[in-house]
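Every value quoted in this text rests on a predicted model; they were computed, and no experiment measured them. Note on naming: letters A, B, ... go to the chains in the order of the sequence lines (proteins, then strands), and numbering restarts at 1 for each one.
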Number of protein chains: 2
Amino acid sequence: MSSTLQTLDRGLLALKIVSEHNEGISIAKLAEELEVHRTIAYRIVATLESHALLTRTQGGTLRLGAGITLLASRFEPQLHTVALPLLKTLAKATRATAFISLAQGEECMVTLVAEPEEGMLRVGYRVGSRHPLTQGAAGIAILAGRAPKEEDSPEVKQARADGYSLTRGQLQRGAVGVATHIPTTQSRSGMEACVGVVAMDDLDSERAIREVKISAIQLAELIGQ
Amino acid sequence: MSSTLQTLDRGLLALKIVSEHNEGISIAKLAEELEVHRTIAYRIVATLESHALLTRTQGGTLRLGAGITLLASRFEPQLHTVALPLLKTLAKATRATAFISLAQGEECMVTLVAEPEEGMLRVGYRVGSRHPLTQGAAGIAILAGRAPKEEDSPEVKQARADGYSLTRGQLQRGAVGVATHIPTTQSRSGMEACVGVVAMDDLDSERAIREVKISAIQLAELIGQ
DNA sequence: CAATAATTATCTATTATAGAAACAAAAAAT
DNA sequence: ATTTTTTGTTTCTATAATAGATAATTATTG
C-alpha cells in the first residue's frame with residue numbers, strides 16, 4: 001500500500017486541470033476545482049510556475065508552460081513525431097480508429113490516436129485513457145510481447161502465438177479491437193508499446209490484422225535499432 | 001515572496017532528474033540526487049507514478065511515463081491560442097508566411113504557421129516538418145540564441161551579432177527566410193523557440209527583420225517570464 | 001545459501017502545510 | 001465617483017501531513 005503525497009498529488013492534479021482548459025483557467029477557479037483554499041492554490045501555482053510547467057498570461061489565466069516540451073522531448077522523442085502519419089494511413093486502410101498505447105505499470109495508456117476520415121460512425125478512443133493490461137486488445141498485445149509466464153491468460157498465450165490480439169466488447173460493448181506489440185521498443189528504453197485499431201463490430205478483421213502487423217513492423221523500423 | 005511547496009517542489013525536481021537520465025535511474029540514486037531519505041523517494045515515485053508521469057521498467061529503473069505525452073499534446077494547442085493571433089499579424093505585415101519553430105534535439109520543428117491572406121503566391125511551410133539546426137533561418141536563429149561556442153558557423157555568429165538570421169535558398173530554391181530566437185524561454189523551461197517568416201525572393205527583408213524582431217519580444221512576454 | 005540490495009510497513013517528532021483571516025490593489029459594477 | 005467584487009499578498013497557528021528512522025520483508029546476486 002505504497003502511500004502517496006498529498007501536496008504533490010494536488011500539484012499534479014492542478015497541472016492536469018490546467019491542461020484540460022484550452023482557454024486557460026483562473027486561479028480562483030482552479031482552487032475551486034481542486035477543492036482547496038485559494039491561498040493553497042496560489043502556492044501550488046507558484047511552485048509549478050517555478051518549474052516552468054505553468055505560466056500565467058496577462059489576464060492572469062493559467063496555461064501549461066514551456067517546460068512541458070522539454071520533458072516531452074526527453075520522452076522517447078521519435079515515437080510520436082514519426083508515428084502519426086503512419087497511424088493515419090492505418091486508420092484509412094482499415095476504416096477504423098488507429099492508436100498507439102504504452103504500458104504504464106499494470107495499466108496501458110493510449111498516447112496517440114488517428115481517426116478515419118470517412119465512415120458514418122467512428123469509435124472515439126481518447127488519448128490519455130487507461131485500462132488494465134489484462135483487458136482489451138492493447139493490453140493483451142503488450143502482455144504477449146513479454147516473456148512467457150505461467151500465469152498468462154489463455155488470451156495472452158493465444159496472442160503470443162498468433163502475433164496479434166483480437167478482443168470483442170472487452171472495453172466497450174459492440175467494439176472490436178485488434179492490436180499487436182511493437183518489437184524493439186522495449187529493449188532500448190524499457191518502454192512497451194503496441195499499435196492497433198478499434199472499430200464497431202463491422203470491422204474487416206482479416207484486413208485489420210494484416211494492416212496492424214505491417215504497421216508494427218514499420219514502426220519498429222522507423223524507431224530504429 | 002510567494003512561497004513554494006517543498007513536497008511539490010521535490011516531486012517536480014524528481015521528474016526533472018529522471019528526465020535527464022536517458023538510461024533510467026534507480027530509486028536509490030534518485031533519493032541521493034534529491035538529498036532525501038530513500039523512504040521519501042519511494043513516496044514521491046508512487047505519487048508521480050499514479051499520474052503516469054513516471055514508470056518503472058522491469059529492471060526497476062525509473063523513466064518518464066506516458067502521461068508526459070498527454071500533457072505535451074495539450075501544451076501545443078494552448079501555445080497556439082496565445083501565439084496564433086500574433087503570427088497572423090506578422091504574416092499580414094510582412095506578406096509572408098510566419099512560423100514558430102521549436103528545437104527538438106539536433107533538429108528544429110515547425111509547430112505553428114500563419115499564411116498571409118493576400119498575395120498571389122505564398123510559400124507553404126508544413127507544420128511538423130523538421131530540418132537540421134544548422135540549416136535554414138529557423139535553425140540558425142536557435143543556435144544563435146545559445147551561448148557562443150567555438151564550432152559555431154559564421155552564419156550563426158553573424159546571426160548572434162545581428163539579432164536575426166537571414167538565409168536564401170537553404171531549404172528551398174528561391175525561398176528567403178528570416179528568423180530570430182525568442183528570448184527568455186530557454187533559461188527556465190529549457191524550451192528553445194524561434195519566430196520567423198519565409199517568402200519568395202521578393203520579400204522586403206528590411207521590414208521583415210523589423211517585424212520579426214518585434215514579434216519575438218511580444219512572444220517572449222506572452223509565453224512567459 | 002549466504003549476503004546484499006530493493007521494497008514495504010510501522011512509528012513518532014516535528015516540520016511543512018493547510019486553512020483562516022486580514023489586508024492591499026485592481027477591476028467591475030453601480 | 002464610490003461601492004462592490006475579484007485578485008493577489010502576507011501573517012498567523014493548529015494540526016495534519018511529512019520526514020526520517022528503524023525494522024521487517026521480499027528479491028537478487030554472487
Side-chain angles (χ1 to χ4, degrees), chain A residues 1-18 21 23-63 65 103-107 146-151 186-187 190, chain B residues 1-15 17-18 21 23-63 65 82 221-222 224-225:
Chain A
M1 197 121 182
S2 57
S3 60
T4 56
L5 301 171
Q6 187 188 61
T7 311
L8 179 52
D9 193 64
R10 278 185 177 163
L12 299 177
L13 188 55
L15 201 55
K16 191 185 169 210
I17 290 171
V18 171
H21 288 258
E23 349 65 43
I25 182 174
S26 72
I27 293 194
K29 216 164 186 184
L30 176 66
E32 212 175 285
E33 290 213 31
L34 283 173
E35 296 181 335
V36 298
H37 197 268
R38 238 157 30 90
T39 314
I40 301 166
Y42 275 99
R43 292 196 271 247
I44 290 173
V45 167
T47 311
L48 288 168
E49 228 181 337
S50 78
H51 288 258
L53 297 173
L54 230 63
T55 11
R56 318 186 53 177
T57 60
Q58 267 70 2
T61 60
L62 298 166
R63 287 175 191 280
Q104 191 80 36
E106 294 307 304
E107 297 180 308
R146 293 184 178 171
K149 281 181 188 171
E150 283 290 326
E151 65 267 30
Q186 182 168 11
S187 55
Chain B
M1 194 134 168
S2 57
S3 61
T4 57
L5 301 173
Q6 186 188 62
T7 311
L8 179 52
D9 193 64
R10 279 185 179 164
L12 300 177
L13 189 55
L15 201 56
I17 289 171
V18 172
H21 288 257
E23 347 64 41
I25 182 174
S26 71
I27 293 195
K29 216 165 186 184
L30 175 67
E32 212 175 287
E33 291 213 30
L34 284 173
E35 295 181 337
V36 298
H37 198 268
R38 277 199 348 276
T39 314
I40 301 166
Y42 275 99
R43 293 196 270 249
I44 290 174
V45 167
T47 312
L48 288 168
E49 227 181 338
S50 78
H51 287 259
L53 297 173
L54 230 63
T55 3
R56 318 186 54 179
T57 60
Q58 266 72 359
T61 60
L62 298 166
R63 283 174 186 284
V82 172
E221 281 167 7
L222 278 175
Q225 304 293 0

Q: Work out which heavy atom in A/Ser3 is nearest to a heavy atom in B/Arg43; give both atom names and the distance.
A: OG-CD, 3.6 Å
Q) How does protein contact run along nucleotides 22-30 of chain D, one letter per nucleotide 5' to 3', with B for base contact, S for sugar-phosphate only, - for none, heavy atoms under 4.0 Å? A) B--------
**Q.** Per A/Gln6 side chain, nearest of listed nucleotides D/dG8, D/dA17, C/dG19
**A.** D/dA17
(Q) Can you confirm whether B/Ile25 sits close enough to B/Glu33 that some side-chain heavy atom of one is under 4.5 Å from a side-chain heavy atom of the other? (A) yes
Q. Side chain of A/Arg56, base of D/dG8: donor and acceptor closer than 3.5 Å?
A. no
Q: Starting at atom CD1 of B/Ile40, determine the distance to atom P of D/dA21, rounded to an integer number of angstrom.
A: 8 Å
Q | Residues in contact with DNA chain C, drawn from residues 28-36 of chain A - heavy-atom cutoff 4.0 Å | A | none
**Q.** Below 4.0 Å: OP1/OP2 of C/dT17 and any side-chain N or O of A/Arg10
**A.** no
Q. Between A/Leu48 and B/Leu8, which heavy-atom pair has the shortest distance, and what is it?
A. CG-CD2, 4.3 Å
Q) Do you know the tightest heavy-atom contact between B/His51 and A/Leu13? A) CE1-N, 3.9 Å
Q) Could you state the CZ-P distance from A/Arg43 to C/dG19, rounded to the nearest angstrom? A) 10 Å
Q) Can you name the one residue among B/Ile44, B/Val36, B/Ile17, B/Thr61 that meets side chain to side chain contact (heavy atoms under 4.5 Å, CB included) with B/Leu30? A) B/Ile17
Q: For A/Asp9 and B/Ser50, work out which heavy atoms get closest and say how close.
A: OD1-OG, 4.2 Å
Q. In whole angstroms, how far is the C1' atom of D/dA17 from the CG atom of A/Leu5?
A. 9 Å
Q | Nucleotide D/dG8, atom P - distance to CD1 of A/Ile27 in whole Å | A | 5 Å
Q | pair A/Ile27-A/Arg56: side-chain heavy atoms closer than 4.5 Å | A | yes
Q | Check: B/His37 side chain, B/Thr39 main-chain N or O, donor-acceptor pair, under 3.5 Å | A | yes
Q.
How close do B/Glu49 and B/Thr55 get, counting heavy atoms only, and between which atoms?
A. CG-CA, 4.4 Å
Q. Separation of B/Leu8 atom CG from C/dA16 atom C1', in whole Å?
A. 13 Å
Q.
Using heavy-atom distances to pick each residue's nearest nucleotide on DNA chain C, tell me which of B/Gly60 and A/Thr7 is more 5'.
A. B/Gly60
Q: Send over the distance from B/Glu49 CD to C/dT8 C1', rounded to a whole Å.
A: 14 Å
